[in-house]
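A, B, ... follow the sequence lines: proteins, then strands. Residue 1 opens every chain. Values below: every heavy atom of this structure, side chains too, minus hydrogens, waters and symmetry copies. Source: prediction; values computed, not measured.
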Amino acid sequence: MKFNYLILSWFDKNKRELPWRNTRNPFHIWLSEIILQQTRVEQGKNFYLNFITEFDTVNDLAKADEQKVLKLWQGLGYYSRARNLHFTAQFVSNELNGVFPDTFKELKKLKGIGDYTAAAIASIVYNEPVPAVDGNMFRVFSRYFNVEDDISLAKTKKVFWDLGIEVIDEKRPGDFNQAVMDLGATICLPKAAKCDICPLNESCEALRLNKVQELPIKTKKVKVSNRFLHFILVQNGNEIGLVKREGNDVWRNLFTLPMIETTTDLLDNEDLIHQNIHLDLSFISEEKHILSHQNLFIKYYRYIPNVSKIEHLRNLSDFEWINLNEIENYPLPKPIENFINYHFLD
DNA sequence: TAGTCGTGGGT
DNA sequence: TACCCAAGACT
């Protein structure tokens, strides 16, 4: 078919040289695909290199503490990826004798591996002709074939999967999937598509119909909420208080300073009394930290150590004293990492 | 299913 | 500035 001939010819001459290319080690391909979920190549590259430097095999990763894995993941975001990565490493190491499943169907059963990642691994490592339906594929296919289905609806994924099954190159499925992603990442861009240099520009339906800007169609928008977080620096000599975050919320299993959350940006006596505590806090700084789905209005305060009151602080949250020399072992959210670096580490 | 999970870059 | 988007998965 014309589509895969054109895109594979382009890929053979223009593919990006990346650290996880030129290998079919399933551990390496799996790791790279998890890192690259919702993440740009340039952001994920060093994380991939750090992980394979630290862990030679899936068994090595399985033996590590979750906290160490999260620390290596610090700064990359979507930390459930790291927790699931570690969980699946242990499952493969302990239950599958360290050997990855070799089919799309079996790969998809592993925690953290969905349709996209299973297809990517199965096609790249095991030559299974299954389409990797990701954001690039939505964009390239919706434009080339003029598909007007709303990609923000879950059911639309099947439309693109079926189209991918029809079109995919049966002899080179891994290269085909990577070619689609490379084209989407470098030529068929969301806002400023480079149609003038696109290898598919003579047969692209969206270009012919002047619909490149409209496709793909995506109607649903994420609703963003506002949260007001007050972090309290509790310091005693070379030690500071840290809390491990629990529950179903952002930054699960990462560490922060002790925190009080309020419904407005004011932290007043009422909030403190409600926490059954009264503190002497001095304001340090504030910032706005933007997540994909939340605006975090963050303020930092210092608590001046007072022997008679330190016990009261334990009511605030069950923090533990951490020596600053050991902070390198504790995974921190970006704002806390920045705060600690600014105040304590050069 | 629709909402929830980070961070950084581009426009 | 505010918004969109990035090799998505989970619940």
Is the distance between the ring centroids of A/Phe160 and A/Phe141 under 6.0 Å?
no
Is the distance between the ring centroids of A/Phe51 and A/Trp73 under 6.0 Å?
yes
Mind listing the N/O atom pairs, protein and nucleotides 9-11 of chain B, below 3.5 Å?
none

Do other residues, nucleotides or ligands put more than 12 heavy atoms under 6.0 Å from A/Asn97 CG?
no
Enclosure of A/Asp196 CG (heavy-atom neighbours >12, cutoff 6.0 Å):
yes
Going by distance alone, is a donor N or O of one side chain under 3.5 Å from an acceptor N or O of the other, for A/Ser282 and A/Tyr301?
no
What nucleic acid atoms does [X] come within less than 4.0 Å of, heavy atoms only: base, sugar-phosphate, or nothing?
X        : answer
A/Thr117 : sugar-phosphate
A/Trp73  : nothing
A/Arg245 : nothing

Got a sec? Which of residues 146-160 of chain A come in under 4.0 Å of DNA chain C, heavy atoms?
none
Within residues 176-190 of chain A: residues closer than 4.0 Å to DNA chain C (heavy atoms):
A/Met181, A/Ala185, A/Pro190
With side-chain contact (heavy atoms from CB on, under 4.5 Å) as the criterion, how do A/Lys288 and A/Leu296 come out once you've worked through the C-alpha distance, each side chain's angles and the decisive distance to 0.1 Å?
CA-CA 6 Å; A/Lys288 180 181 178 183; A/Leu296 303 183; over 6 Å; no
Could you walk me through whether A/Tyr300 and A/Phe339 pass the ring-ring contact (aromatic ring centres under 6.0 Å, His included) test, one step at a time?
CA-CA 9 Å; A/Tyr300 297 96; A/Phe339 179 86; 4.2 Å; yes
Output the rounded distance in Å from [atom1] ([X]) to [atom2] ([N]).
X       : N     : atom1 : atom2 : answer
A/Glu33 : C/dA6 : CD    : P     : 16 Å
A/Leu70 : B/dT7 : CG    : P     : 12 Å
A/Asn84 : C/dG8 : CG    : C1'   : 12 Å

Considering the options A/Glu54, A/Lys63, A/His86, which one meets the side chain to side chain contact (heavy atoms under 4.5 Å, CB included) requirement together with A/Lys68?
A/Glu54
Is it possible for you to say whether A/Tyr79 and A/Ile290 belong to one hydrophobic cluster, with membership spreading through side-chain heavy-atom contacts below 4.5 Å?
no
Quick note, side chain to side chain donor-acceptor pair (under 3.5 Å) partners involving residues 118-129 of chain A, not counting sequence neighbours, are A/Ser123-A/Asn177
What side-chain donor-acceptor pairs closer than 3.5 Å can you find for residues 1-9 of chain A, not counting sequence neighbours?
residue: A/Asn4; atom: ND2; partner: A/Val167; partner atom: O; Å: 3.1
residue: A/Ser9; atom: OG; partner: A/Tyr5; partner atom: O; Å: 2.7

Hey, are A/Asp150 and A/Lys155 close enough for a salt bridge, meaning a charged N less than 4.0 Å from a carboxylate O?
no
Do the side chains of A/Arg21 and A/Asp182 get close enough for a salt bridge, i.e. N-O under 4.0 angstrom?
yes
Write down the protein N/O and nucleotide N/O pairs, taken from nucleotides 3-6 of chain B, whose separation is under 3.5 Å; answer none if there are no such pairs.
residue: B/dC5; atom: OP2; partner: A/His293; partner atom: NE2; Å: 3.4
residue: B/dC5; atom: OP2; partner: A/Gln294; partner atom: NE2; Å: 3.1
residue: B/dC5; atom: O5'; partner: A/His293; partner atom: NE2; Å: 3.1
residue: B/dC5; atom: N4; partner: A/Tyr78; partner atom: OH; Å: 3.4
residue: B/dG6; atom: OP1; partner: A/Tyr79; partner atom: N; Å: 3.2
residue: B/dG6; atom: OP2; partner: A/Trp251; partner atom: N; Å: 2.5
residue: B/dG6; atom: O4'; partner: A/Tyr78; partner atom: N; Å: 2.9
residue: B/dG6; atom: N7; partner: A/Tyr78; partner atom: OH; Å: 3.3
residue: B/dG6; atom: N7; partner: A/Ser292; partner atom: OG; Å: 3.1
residue: B/dG6; atom: O6; partner: A/Tyr78; partner atom: OH; Å: 3.0
residue: B/dG6; atom: N1; partner: A/Gln38; partner atom: O; Å: 3.2
residue: B/dG6; atom: N2; partner: A/Gln38; partner atom: O; Å: 3.4
residue: B/dG6; atom: N2; partner: A/Thr39; partner atom: OG1; Å: 3.4
residue: B/dG6; atom: N2; partner: A/Leu76; partner atom: O; Å: 3.3

